[in-house]
J.: 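Handing you a structure now.
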Amino acid sequence: MSQTPLSGAESPADLLRSLLDADPARPLITFYDDATGERVELSVKTFDNWVAKTANLLQDELLAAPDDRCALLLPAHWQSAIWLFACWSVGVLACPGGDPAKAQLVVSGPDSLEEALACEGERVALALRPLGGRFPQLPDGFVDYAVEVPAQGDRFVPYAPVDPARPALEIDGEQLSGSHVVALAAEHARQLGLGEEDRVLSTLGYSDWDGLAGGLLAPLVVGGSVVLCRHSEGLAPETLARRIADERVTRRLD
């Protein structure tokens, strides 16, 4: 069982390319929202397509540049994972739970819109509705991600190559370079004993390293996959057990 970064990936963007080269059709992220009944499964190829569209939106429409700070006021969600990898594709510093007043860009879910208004730069709102639906009414001062992203290109090329040594992630009060993110994710995978056949079910948030690594980066860095569960606190034990069996989950993180 190997816990080295997949195909020698040196940055999160490299990691996604390596996953795409290895098997574009395999499931990468499966998402459940038990408040709405939503289930979404993204293959590597579909996830990469969403990342490309979002990165094009960041770079061409929102005019984000390398080293800009992006405050991500989002729960653990399939769209949150897309935004993280889009930031890393452009070279933007992703700040889960970061202070919007200190950011050039903020991406907010529906529950943090008031907080997000502290950002003086671009503000993007995600409704987090089933099937990536838009807001019934656009919040004042924001662009609606669901409205803007479909028209973006399916391929992304950064204006300048992203340096793996530059800051990529700010979390738990620390800035990590892209190469450090990948190395720490590989170490986290080693600690959890994860390999390429593993499917990790996580109910953790993305606002700290343990949640982000366990619920996204560590499984992906070794070629595994993730089952994200939101609003699952009230699930009956038998329902959760059936989901674990149906999704072939090999590891559970709460």
Side-chain angles (χ1 to χ4, degrees), residues 3 5 12 15-16 19 27-42 47 51 70-88 94-98 107-112 115 126 128 168-176 180-237 239-254:
Q3 285 88 29
L15 172 61
L16 182 54
L19 289 164
L28 189 70
I29 294 178
T30 305
F31 173 76
Y32 285 87
D33 188 330
D34 288 299
T36 65
E38 178 184 15
R39 180 188 183 276
V40 172
E41 183 167 278
L42 303 178
F47 183 80
V51 170
C70 179
L72 297 171
L73 308 184
L74 299 169
H77 191 279
W78 64 273
Q79 292 185 337
S80 308
I82 286 164
W83 270 96
L84 283 160
F85 275 91
C87 286
W88 294 328
C95 306
V107 183
S108 174
D111 298 331
S112 51
E115 179 185 356
L126 276 64
L128 303 181
L169 177 68
E170 185 172 280
I171 200 160
D172 295 335
E174 183 179 0
Q175 284 192 8
L176 306 174
H180 200 183
V181 168
V182 173
L184 286 178
E187 173 61 19
H188 204 88
R190 186 194 67 78
Q191 293 172 359
L192 293 174
L194 300 180
E196 62 183 357
E197 300 300 322
D198 279 303
R199 270 175 72 74
V200 177
L201 184 148
S202 175
T203 62
L204 302 176
Y206 280 172
S207 60
D208 60 33
W209 174 254
D210 284 345
L212 181 57
L216 183 66
L217 293 171
L220 268 56
V221 84
V222 293
S225 57
V226 178
V227 179
L228 288 178
C229 296
R230 186 179 184 217
H231 296 135
S232 60
E233 302 85 358
L235 277 187
T239 302
L240 183 57
R242 184 164 57 250
R243 178 174 301 171
I244 288 171
D246 290 346
E247 297 291 352
R248 300 181 180 179
V249 169
T250 60
R251 187 66 181 265
R252 176 180 167 185
L253 299 176
D254 296 295

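Basis for what follows: all heavy atoms, side chains included, without hydrogens, waters or symmetry-related copies.
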J.: So, using side chain to side chain donor-acceptor pair (under 3.5 Å) as the criterion, who are the partners of S108 when residues are at least two apart?
T.: S112
J.: Between CD of E187 and CZ of R190, what distance do you get to the nearest 0.5 Å?
T.: 4.0 Å
J.: Please list, chain by chain and in numerical order, all residues satisfying salt bridge (Lys or Arg N to Asp or Glu O under 4.0 Å) with E41, sequence neighbours excluded.
T.: R39
J.: Among residues at least two apart in sequence or on other chains, which ones pass salt bridge (Lys or Arg N to Asp or Glu O under 4.0 Å) with D254?
T.: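 With sequence neighbours excluded, D254 shows a salt bridge (Lys or Arg N to Asp or Glu O under 4.0 Å) to R252, given in chain and number order.
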J.: How would you list, by chain and number, every residue that makes a ring-ring contact (aromatic ring centres under 6.0 Å, His included) with Y32, sequence neighbours excluded?
T.: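 Y32 satisfies ring-ring contact (aromatic ring centres under 6.0 Å, His included) with no other residue.
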J.: Specify the closest pair of heavy atoms between P110 and L128, including all atoms of both residues, with the distance to one decimal.
T.: CD-CD1, 3.8 Å
J.: Mind checking whether P96 and L169 have side chains closer than 4.5 Å, heavy atoms only?
T.: yes
J.: Return the set of residues passing side-chain contact (heavy atoms from CB on, under 4.5 Å) with P12 (not counting sequence neighbours), or none when no residue passes.
T.: F85, W88, V181, V182
J.: Run T30 and E247 through side chain to side chain contact (heavy atoms under 4.5 Å, CB included) and show every step you take.
T.: CA-CA 9 Å; T30 305; E247 297 291 352; 3.7 Å; yes
J.: What closest approach, in Å, do A94 and L84 show between heavy atoms, and which atom pair accounts for it?
T.: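 Taking A94 first and L84 second, the nearest heavy atoms are CB-CD2, 3.9 Å.
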J.: Taking the side chain as C-beta and beyond, is there a heavy-atom pair between W83 and L126 under 4.5 Å?
T.: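 Result yes, sub-4.5 Å side-chain heavy-atom pair found.
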J.: At what distance, to the nearest 0.5 angstrom, does CG of L72 lie from CD of Q79?
T.: 12.5 Å
J.: Taking side chain as C-beta onward, heavy atoms only, is E197 less than 4.5 Å from T250?
T.: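 E197 does not reach T250 side chain to side chain.
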J.: Taking side-chain contact (heavy atoms from CB on, under 4.5 Å) as the definition, give me every residue that meets it alongside A236, ordered by chain and number, with sequence neighbours left out.
T.: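 With neighbours one apart ignored, the set is E238, T239.
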J.: W209 and E174: side chain to side chain contact (heavy atoms under 4.5 Å, CB included), yes or no, with the steps?
T.: CA-CA 10 Å; W209 174 254; E174 183 179 0; over 6 Å; no
J.: So, for D172 and S207, which heavy atoms are closest and what is the spacing to 0.1 Å?
T.: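 Taking every non-hydrogen atom into account, OD1-O, 4.2 Å.
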J.: Which residues pass the ring-ring contact (aromatic ring centres under 6.0 Å, His included) test with H77, not counting sequence neighbours?
T.: F31
J.: Could you give all pairs that pass the salt bridge (Lys or Arg N to Asp or Glu O under 4.0 Å) test and reach residues 207-227, with sequence neighbours left out?
T.: none
J.: Taking all non-hydrogen atoms of both residues, which atom of Y206 and which atom of S80 are closest, and how far apart?
T.: CD1-CB, 4.1 Å
J.: So, using side-chain contact (heavy atoms from CB on, under 4.5 Å) as the criterion, who are the partners of C95 when residues are at least two apart?
T.: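 C95 satisfies side-chain contact (heavy atoms from CB on, under 4.5 Å) with R69, L93, E170 only.
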J.: Side-chain contact, heavy-atom cut-off 4.5 Å: D198 with L192?
T.: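 Counting from C-beta outward, D198 and L192 never come under 4.5 Å.
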J.: Please output the side-chain donor-acceptor pairs of residues 212-232 that fall under 3.5 Å, not counting sequence neighbours, one pair per line with the distance.
T.:
residue: S225; atom: OG; partner: R199; partner atom: NH1; Å: 3.1
residue: H231; atom: ND1; partner: D33; partner atom: OD1; Å: 2.9

